[in-house]
Enquirer: 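The structure's right below; bear with me while I get my questions together.
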Amino acid sequence: MRFRVASAGECMVELRHRSPVELDLAYGGDTLNFAVYLARLTRDRGSRVDYVTALGDDPYSDGMLAMWQAEGVGTELLARLPGRLPGLYTIRVDERGERSFTYWRSNSAARDMLKDGRAGRLRKALTGYDLLYLSGITLSILDPPQRQALMAIADAVRAAGGRVAFDSNYRPVGWPDRAAAQRAVDDLLTRTDIALPTLDDEQALFGVPDAPALADRLHRQGVAEVAIKLGPAGCFLSSAAFTGKVPAEQVSKVVDSTAAGDSFNAGYLAARLLGAAPEAAARLGCALAARVVAHRGAIIPAEAMADVRLDPS
């Protein structure tokens with residue numbers, strides 16, 4: 001089964017602490033992590049996974065581009081903005097594998113990805129795609145006019161028969177206030193076919209008490225299919241096909257929880273795009289997330305996930 005997926009957002013330079021004064025350089029961002037894992041899972045299925053963003057013309061932007069292409073992620077839909085730079089963030093990981101971030105991204109090229117006529121061109125280019133993947137971080141980096149342009153792109157994808165998948169991925173640091181995040185997230189949810197939120201994020205953003213209440217809220221906004229990530233407890237699914245919990249895979253030691261949610265989303269949507277039922281798709285998402293948290297970094301070596309297989313049956 002062939003399909004086309006576009007993931008839109010921001011990739012940044014990642015500096016990961018090895019010690020208080022030593023750092024490793026890599027590249028990461030929630031929608032990019034998703035695109036890489038989806039491309040790895042589906043590369044032998046005739047899929048096309050494209051990344052939508054804006055980069056500068058600096059060596060770090062060149063490095064990002066080369067990395068994406070090596071992973072099989074399409075780069076035809078991104079913009080290069082002369083004189084601009086990508087954002088940067090550092091990661092510290094504690095003894096439990098939990099991470100904390102510090103960002104330098106206020107002037108990143110990705111913040112202008114839909115300016116200067118690019119929104120209209122993308123709206124045309126994405127017509128006919130099977131899935132558009134977005135996150136709350138994507139919304140948070142765009143100014144209001146670009147955010148509305150993104151809503152129009154989502155509308156165009158759906159009008160042409162495609163679907164929109166959305167992970168709210170709420171990070172307070174990216175928003176002027178909580179109310180602004182609530183409005184933007186709710187606006188996109190009315191255009192969402194598959195929601196993939198994390199319960200902790202939604203509790204911080206909307207104050208929902210538990211996963212069933214969150215699923216009910218999302219269904220009332222028109223979302224047909226909901227997969228709520230519950231961390232070590234697995235996930236809660238709610239759709240016409242299945243409602244209930246799917247347990248996480250057991251992990252002997254969590255080394256680094258970075259990109260656990262992004263990889264779950266990739267596993268879940270890869271399986272769904274290939275015709276698997278939601279419960280089977282959630283098992284694949286949990287299996288991939290278990291591999292990811294057992295390694296350092298947002299994007300683990302491909303060989304570390306070689307045993308994660310798609311089984312649409």
Enquirer: For the backbone of L25 and the side chain of R16, can you confirm whether one donor and one acceptor N or O come within less than 3.5 Å of each other?
Expert: no
Enquirer: Do E202 and Y170 get their side chains close enough for a donor-acceptor pair, meaning under 3.5 Å?
Expert: no
Enquirer: Is there a side-chain contact between I91 and L15 in this structure, where contact means two heavy atoms from C-beta onward sitting under 4.5 Å apart?
Expert: no
Enquirer: How far apart are the closest heavy atoms of E10 and S108, and which atoms are they?
Expert: OE2-OG, 2.7 Å
Enquirer: Please tell me if the side chains of V185 and F166 come closer than 4.5 Å, counting only heavy atoms from C-beta onward.
Expert: yes
Enquirer: Any link between V52 and L55 through a network of hydrophobic side chains (Ile, Leu, Val, Met, Phe, Trp, Tyr) touching at under 4.5 Å?
Expert: no
Enquirer: Cluster question for you: counting only ILVMFWY and a side-chain heavy-atom cut-off of under 4.5 Å, with indirect links fine, are L199 and L189 together?
Expert: yes
Enquirer: Taking NZ, NE, NH1 and NH2 as the nitrogens, is one of them in R80 or D57 under 4.0 Å from a carboxylate oxygen of the other?
Expert: no
Enquirer: Dump the intermediate steps for side chain to side chain contact (heavy atoms under 4.5 Å, CB included) on D193 and V223, then the final yes or no.
Expert: CA-CA 5 Å; D193 301 284; V223 182; over 6 Å; no
Enquirer: So, does R105 use its side chain to make a donor-acceptor pair with the main chain of P86 at under 3.5 Å?
Expert: no
Enquirer: So how far is it from D58 CG to M64 CE, rounded to the nearest 0.5 Å?
Expert: 7.5 Å
Enquirer: Any side-chain donor-acceptor pair under 3.5 Å between Y51 and T31?
Expert: yes
Enquirer: Evaluate the side chain to side chain contact (heavy atoms under 4.5 Å, CB included) criterion for residues L38 and Y133: first the C-alpha distance (whole Å), next the side-chain angles of each, then the deciding distance (0.1 Å), finally the verdict.
Expert: CA-CA 11 Å; L38 184 66; Y133 178 83; over 6 Å; no
Enquirer: Salt bridge between R111 and D143, side-chain N to carboxylate O under 4.0 Å?
Expert: no
Enquirer: Any ion pair linking R43 and E71 (charged N to carboxylate O, less than 4.0 Å)?
Expert: yes
Enquirer: Does R272 come within less than 4.0 Å of E225, counting only side-chain N to carboxylate O?
Expert: yes
Enquirer: Please determine if R48 and D50 form a salt bridge, counting it only when a charged side-chain N lies under 4.0 Å from a carboxylate O.
Expert: yes
Enquirer: Identify each donor-acceptor pair in which a side-chain atom of residues 203-214 lies under 3.5 Å from a protein atom, sequence neighbours left out, and give them as a table.
Expert:
residue: Q203; atom: NE2; partner: P209; partner atom: O; Å: 3.1
residue: D210; atom: OD1; partner: A213; partner atom: N; Å: 2.9

Enquirer: Does a side-chain N-to-carboxylate-O contact under 4.0 Å join R291 and E249?
Expert: yes
Enquirer: Would a distance-only check, ignoring hydrogens and angles, find a side-chain to backbone donor-acceptor pair under 3.5 Å from S61 to G56?
Expert: yes
Enquirer: When clusters are formed by joining ILVMFWY residues with side-chain heavy atoms under 4.5 Å apart, either directly or through shared neighbours, do V73 and I300 land in the same one?
Expert: yes
Enquirer: What are the two closest heavy atoms between C286 and A248, and how far apart are they?
Expert: SG-CA, 4.0 Å
Enquirer: Are I141 and L85 linked, directly or through other ILVMFWY residues, by side chains that come within less than 4.5 angstrom of each other?
Expert: no
Enquirer: Report the C-alpha distance between R123 and D155 in whole Å, list the side-chain angles of each, state the deciding distance to 0.1 Å, and finish with yes or no for salt bridge (Lys or Arg N to Asp or Glu O under 4.0 Å).
Expert: CA-CA 9 Å; R123 189 167 59 247; D155 288 339; over 6 Å; no
Enquirer: Scan T190, T192, D186 and name whichever one has a side-chain hydrogen bond (donor to acceptor under 3.5 Å, both in side chains) with Q221.
Expert: D186
Enquirer: Could you walk me through whether V292 and Y37 pass the side chain to side chain contact (heavy atoms under 4.5 Å, CB included) test, one step at a time?
Expert: CA-CA 10 Å; V292 169; Y37 286 121; 3.6 Å; yes
Enquirer: What pairs with R4 under salt bridge (charged side-chain N to carboxylate O under 4.0 Å, His left out), at least two apart in sequence or on another chain?
Expert: none
Enquirer: Any side-chain heavy atom of R283 sitting closer than 4.5 Å to one from V246?
Expert: yes
Enquirer: Quick check: does any side chain N or O of T138 sit under 3.5 Å from a backbone N or O of L134, one acting as donor and the other as acceptor?
Expert: no
Enquirer: Below 4.5 Å, heavy atoms only, C-beta onward: do R45 and L273 meet side chain to side chain?
Expert: no
Enquirer: Do L237 and Y268 have side chains that approach each other closer than 4.5 Å (heavy atoms only, starting at C-beta)?
Expert: yes
Enquirer: Work out which heavy atom in S168 is nearest to a heavy atom in P197; give both atom names and the distance.
Expert: OG-CB, 3.9 Å
Enquirer: Find out if a path of hydrophobic residues (ILVMFWY) with successive side-chain heavy-atom gaps under 4.5 Å connects M305 to L274.
Expert: yes
Enquirer: Verify, without hydrogens or angle tests, whether R309 (side chain) and A306 (backbone) share a donor-acceptor contact under 3.5 angstrom.
Expert: yes
Enquirer: Could you give the distance from CZ (R191) to CG (L150), rounded to the nearest 0.5 Å?
Expert: 9.0 Å
Enquirer: Going by an N to O cut-off under 4.0 Å, is there a salt bridge joining R118 and D112?
Expert: no
Enquirer: Working to the nearest 0.5 angstrom, can you tell me the gap between D262 CG and F34 CZ?
Expert: 9.0 Å
Enquirer: Can you tell me how far CG of L230 sits from CZ of F264, rounded to the nearest 0.5 angstrom?
Expert: 9.0 Å
Enquirer: Less than 4.5 Å apart, side chain to side chain, heavy atoms only: is that true for R121 and L114?
Expert: no
Enquirer: How many angstroms lie between atom CG of N33 and atom SG of C11, to the nearest 0.5 angstrom?
Expert: 7.5 Å
Enquirer: Under 4.0 Å between a Lys/Arg side-chain N and an Asp/Glu carboxylate O for D187 and R183?
Expert: no
Enquirer: Do we see a donor-acceptor contact under 3.5 Å between the side chains of T90 and H17?
Expert: no
Enquirer: Should K229 and D200 count as an ion pair when the cut-off is N to O under 4.0 Å?
Expert: no
Enquirer: Does the side chain of L269 come within less than 4.5 Å of I194's, by heavy atoms?
Expert: yes
Enquirer: Would you say L32 and Y27 make side-chain contact, with heavy atoms under 4.5 Å?
Expert: no
Enquirer: Tell me whether D44 at atom CG has more than 12 heavy atoms from other residues, nucleotides or ligands lying less than 6.0 Å away.
Expert: yes
Enquirer: Counting only heavy atoms not in R296, do more than 12 fall under 6.0 Å of its CZ?
Expert: no
Enquirer: Is the backbone of G9 close enough, under 3.5 Å, to the side chain of T53 for a donor and an acceptor to pair up by distance?
Expert: yes
Enquirer: Test S135 against every option in D167, D30, N169, N265 by the side-chain hydrogen bond (donor to acceptor under 3.5 Å, both in side chains) rule and name the one that passes.
Expert: D30
Enquirer: Quick check for you: to the nearest 0.5 Å, what is the distance between S263 atom OG and L41 atom CG?
Expert: 9.5 Å
Enquirer: Could you check whether D130 pairs with R163 (Lys NZ or Arg NE/NH1/NH2 to Asp/Glu carboxylate O, under 4.0 Å)?
Expert: no
